[in-house]
Enquirer: 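The structure that follows is given in the form of structure tokens.
In what follows, residues are counted from 1 in the order of the sequence shown.
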Amino acid sequence: MKHLLIVIALFLNIASGCQSDGGGNTEEQAVSGPEKVTYAVSNEVFTNPERGFMHTWQVNSEGAAITAASLNNLKKENVSLILRLYYLEKFKTTPLSQAQLDLIKTDFTRLRESGLKCVLRFAYTDAQDGTDASVAVISGHLDQLKPILEENKDVIAFVQAGFVGAWGEWYYTTNQLTTPANKKIILDKLLETFPKEVKIQVRTPKIKQDFVATTTAMDATVGYGTTNTARLGFHNDCFMASVDDYGTYINVTAEKTYISNEALFVPTGGETCPPTDVPVASCSIAEKEMTMLKWTYLNLDYYGPVLQEWRNNNCFTDFERKLGYRLALASSSIKKEAALNGTLEFNALLNNSGFAPIYNSKNTFLILRATSGGSVYKKKLNFDVRKVVPKVTYDLKESVTLSGIPAGTYELLLKIEDNSSKLADRPDYSVRLANTGVWEATTGFNKLSQTVIIK
């Protein structure tokens with residue numbers, strides 16, 4: 001019988017995906033001393049906000065809005081992002097129409113209702129020999145868009161600078177938009193128009209280096225702020241397609257190192273395209289490049305043969321896990337008893353096995369949920385989740401006040417929620433930790449398998 005009980009206990013520990021260590025052998029230590037719980041890492045592919053493989057959906061002027069059905073279908077693919085590319089070909093010399101503005105508003109509303117976000121881009125042509133708009137027209141369009149962008153910043157993950165040249169990729173311009181003076185005017189206007197919380201991605205590292213007048217990557221004192229430097233990231237739409245990625249780089253080694261350092265704070269993402277003078281990127285090359293450049297999203301719709309190479313060689317699923325961030329608890333530790341209106345010392349170790357950190361600020365809460373009655377109390381942590389960077393274990397230590405929480409027994413949970421009050425209570429926009437048996441899909445909470453008695 002004794003052996004049977006031991007087997008059952010071991011099974012329960014495995015099933016819960018974590019293991020506790022009371023820190024001592026005496027009954028007193030087991031009740032009131034620190035208790036450490038270790039967590040098993042999950043290999044599951046699942047959705048998290050603002051990261052991963054995405055689809056590109058473009059729409060011409062005054063075209064059809066995104067449908068709720070098409071957005072809901074993305075959840076079957078574990079997709080949380082789309083690139084929404086608006087072509088403004090009807091408005092190269094005129095203001096945007098109300099129909100165009102309404103289209104954009106409708107899309108944002110449906111994204112929010114569906115629990116997704118977009119990477120946003122605007123362009124005037126999809127042809128190399130097509131025409132774009134003047135600086136004055138672009139500026140006027142951004143003025144029209146500004147209130148819409150402010151109202152809907154919660155569902156904009158990132159912005160690709162756009163507007164200039166074919167596909168908005170800052171080349172092939174017909175209005176001299178790529179002169180140093182005009183590039184500065186357009187970037188200044190983009191940074192002024194979009195809310196300071198929104199990061200803007202430029203097409204090449206040199207565009208940013210010229211704008212900020214340095215080739216030195218920013219450090220944490222700048223990177224976690226909202227200055228112009230801290231808001232400019234990068235998108236590469238010919239990733240791994242040639243030695244210099246079709247002109248993305250001038251000094252390849254130096255500029256990749258620059259992006260690697262910058263991408264601790266600002267996002268990189270984009271798409272592959274047909275390789276020239278290089279083989280289709282193998283799994284190992286892609287893994288190396290995305291690790292170094294900290295890729296956070298990648299287009300599922302282009303370039304197909306590159307993606308198929310990864311499927312054929314069984315690394316596509318691994319990239320589904322690793323694109324962007326993938327945070328997991330290693331352990332947590334608390335004392336099992338706390339005084340009424342006292343404090344709770346909460347310690348946890350977190351790892352990030354993804355290619356990139358989280359780039360947009362989040363609010364993190366320690367949740368205390370009564371084991372009797374289920375009352376929930378949220379205690380905000382000072383923790384900045386953006387600082388859980390790849391390959392470095394983050395040591396989270398916080399002293400949490402228990403004021404306002406009645407005496408009783410509480411299970412502990414962690415919630416990392418969207419910074420926007422409009423999305424904070426939506427589980428789709430909460431961060432799921434990559435541990436087995438911790439995620440609550442209905443609440444967006446991550447269970448810590450810890451309890452505390454307040455007395």
Side-chain angles (χ1 to χ4, degrees), residues 50 117-123 135-136 138-154 156-165 168-171 173 177-237 248-250 254-270 293-294 296-297 356-362 384 386-387 389 419-420:
E50 301 160 4
K117 294 195 180 190
C118 70
V119 178
L120 188 61
R121 190 201 294 185
F122 297 93
V135 168
I138 293 170
S139 181
H141 289 168
L142 284 167
D143 286 337
Q144 288 182 277
L145 290 166
K146 187 171 184 175
I148 300 172
L149 300 173
E150 175 63 37
E151 175 67 20
N152 294 283
K153 62 187 178 184
D154 56 325
I156 301 172
F158 314 109
V159 176
Q160 295 180 352
F163 290 101
V164 176
E169 286 193 28
W170 287 56
Y171 203 74
T173 177
L177 300 181
T178 54
T179 65
N182 282 338
K183 283 192 287 189
K184 184 178 187 316
I185 290 170
I186 294 167
L187 275 180
D188 278 332
K189 187 65 178 181
L190 286 165
L191 289 161
E192 170 203 324
T193 301
F194 281 90
K196 63 179 174 50
E197 300 93 338
V198 176
K199 297 185 187 297
I200 297 169
Q201 297 175 286
V202 295
R203 180 61 186 84
T204 71
K206 191 175 188 304
I207 292 172
K208 177 170 183 176
Q209 290 174 342
D210 288 348
F211 182 76
V212 300
T214 181
T215 58
T216 301
M218 63 184 150
D219 61 16
T221 61
V222 174
Y224 292 120
T226 56
T227 63
N228 287 348
T229 300
R231 292 178 59 198
L232 291 177
F234 312 94
H235 72 100
N236 180 349
D237 284 4
T248 298
Y249 304 109
I250 299 170
E255 290 176 3
K256 284 185 177 181
T257 300
Y258 170 77
I259 289 180
S260 181
N261 292 328
E262 289 260 311
L264 289 167
F265 316 106
V266 291
T268 56
L293 300 172
K294 301 177 177 64
T296 203
Y297 66 82
I358 288 175
Y359 293 109
N360 293 324
S361 294
K362 309 287 181 188
D384 187 344
R386 297 176 298 172
K387 296 181 180 180
V389 299
N419 203 33
S420 165

Enquirer: Is any side-chain heavy atom of Thr229 closer than 4.5 Å to one of Lys208?
Expert: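 Yes, at least one pair of side-chain atoms sits under 4.5 Å.
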Enquirer: Determine the minimum heavy-atom distance between Phe194 and Val159, stating which atoms define it.
Expert: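 Of all heavy-atom pairs spanning Phe194 and Val159, the closest is CE2-CG2, 3.4 Å.
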Enquirer: Fit a plane to each ring of Phe158 and Tyr359, take the angle between them on a 0 to 90° scale, and name the class: parallel (under 30°), tilted (30 to 60°) or perpendicular (over 60°).
Expert: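 Correct class here is perpendicular.
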Enquirer: Do Leu191 and Leu232 come within less than 4.5 Å of each other through their side chains, counting heavy atoms only?
Expert: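 Yes, their side chains come closer than 4.5 Å.
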Enquirer: Should Thr296 and Pro357 count as side-chain neighbours, where that means a heavy-atom distance under 4.5 Å?
Expert: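 The answer is no, as the side chains (C-beta and beyond) never meet within the 4.5 Å cut-off.
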Enquirer: Using residues 215-222 as the side-chain source, report each donor-acceptor pair under 3.5 Å to any protein atom, sequence neighbours left out, with the distance given to one decimal.
Expert:
unit_1	atom_1	unit_2	atom_2	d
Asp219	OD1	Thr221	N	3.1
Asp219	OD1	Thr221	OG1	2.5

Enquirer: For residues Asn236 and Arg203, determine if any side-chain heavy atom of one lies less than 4.5 Å from a side-chain heavy atom of the other.
Expert: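 Side-chain contact under 4.5 Å: yes.
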Enquirer: Can any side-chain N or O of Lys153 pair as donor or acceptor with the backbone N or O of Glu197 at less than 3.5 Å?
Expert: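 Not a single qualifying donor-acceptor pair exists.
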Enquirer: What orientation do Tyr224 and Phe265 show, parallel under 30°, tilted 30 to 60°, or perpendicular over 60°?
Expert: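 Ring orientation of Tyr224 relative to Phe265: perpendicular.
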Enquirer: Are Phe234 and Val266 packed together at the side-chain level, in the sense that at least one heavy-atom pair is separated by less than 4.5 angstrom?
Expert: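 Yes, close enough: below the 4.5 Å cut-off.
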Enquirer: Whether the side chain of Glu255 engages the backbone of Ile250 through a donor-acceptor N/O pair (distance < 3.5 Å, no angle test) should be reported.
Expert: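 Yes; at least one donor-acceptor contact below 3.5 Å.
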Enquirer: Sub-3.5 Å donor-acceptor pair from the side chain of Lys294 to the main-chain atoms of Asn261, do we have one?
Expert: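 Here the side-chain-to-backbone pair does not exist.
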Enquirer: Determine, for Phe211 and Lys183, whether the Lys NZ or Arg CZ falls below 6.0 Å from the six-membered ring centre while staying within 45 degrees of the axis.
Expert: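 Relative to the ring axis of Phe211, which defines the angle, Lys183 lies outside at least one limit.
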Enquirer: List for me each residue that meets side-chain hydrogen bond (donor to acceptor under 3.5 Å, both in side chains) alongside Arg231, sequence neighbours excluded, and say none if there are none.
Expert: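 With neighbours one apart ignored, the set is empty.
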Enquirer: Does a side-chain N-to-carboxylate-O contact under 4.0 Å join Glu50 and Lys199?
Expert: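 Salt bridge: no.
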Enquirer: Is there side-chain contact between Gln160 and Trp170, with heavy atoms separated by less than 4.5 Å?
Expert: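 Contact flag for Gln160/Trp170 side chains = no.
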Enquirer: Once side-chain contact (heavy atoms from CB on, under 4.5 Å) is applied, do any residues pair with Thr193, and if so which ones, sequence neighbours excluded?
Expert: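 Residues passing side-chain contact (heavy atoms from CB on, under 4.5 Å) with Thr193: Leu142, Lys146, Leu149, Lys189.
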Enquirer: Would you say the side chain of Val119 lies within less than 4.5 Å of the side chain of His235, judging by non-hydrogen atoms?
Expert: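 SC-SC contact between His235 and Val119 ruled out.
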Enquirer: What's the shortest heavy-atom distance between Thr268 and Ala263, and which atoms?
Expert: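 Reported closest heavy-atom pair: CG2-CB, 4.1 Å.
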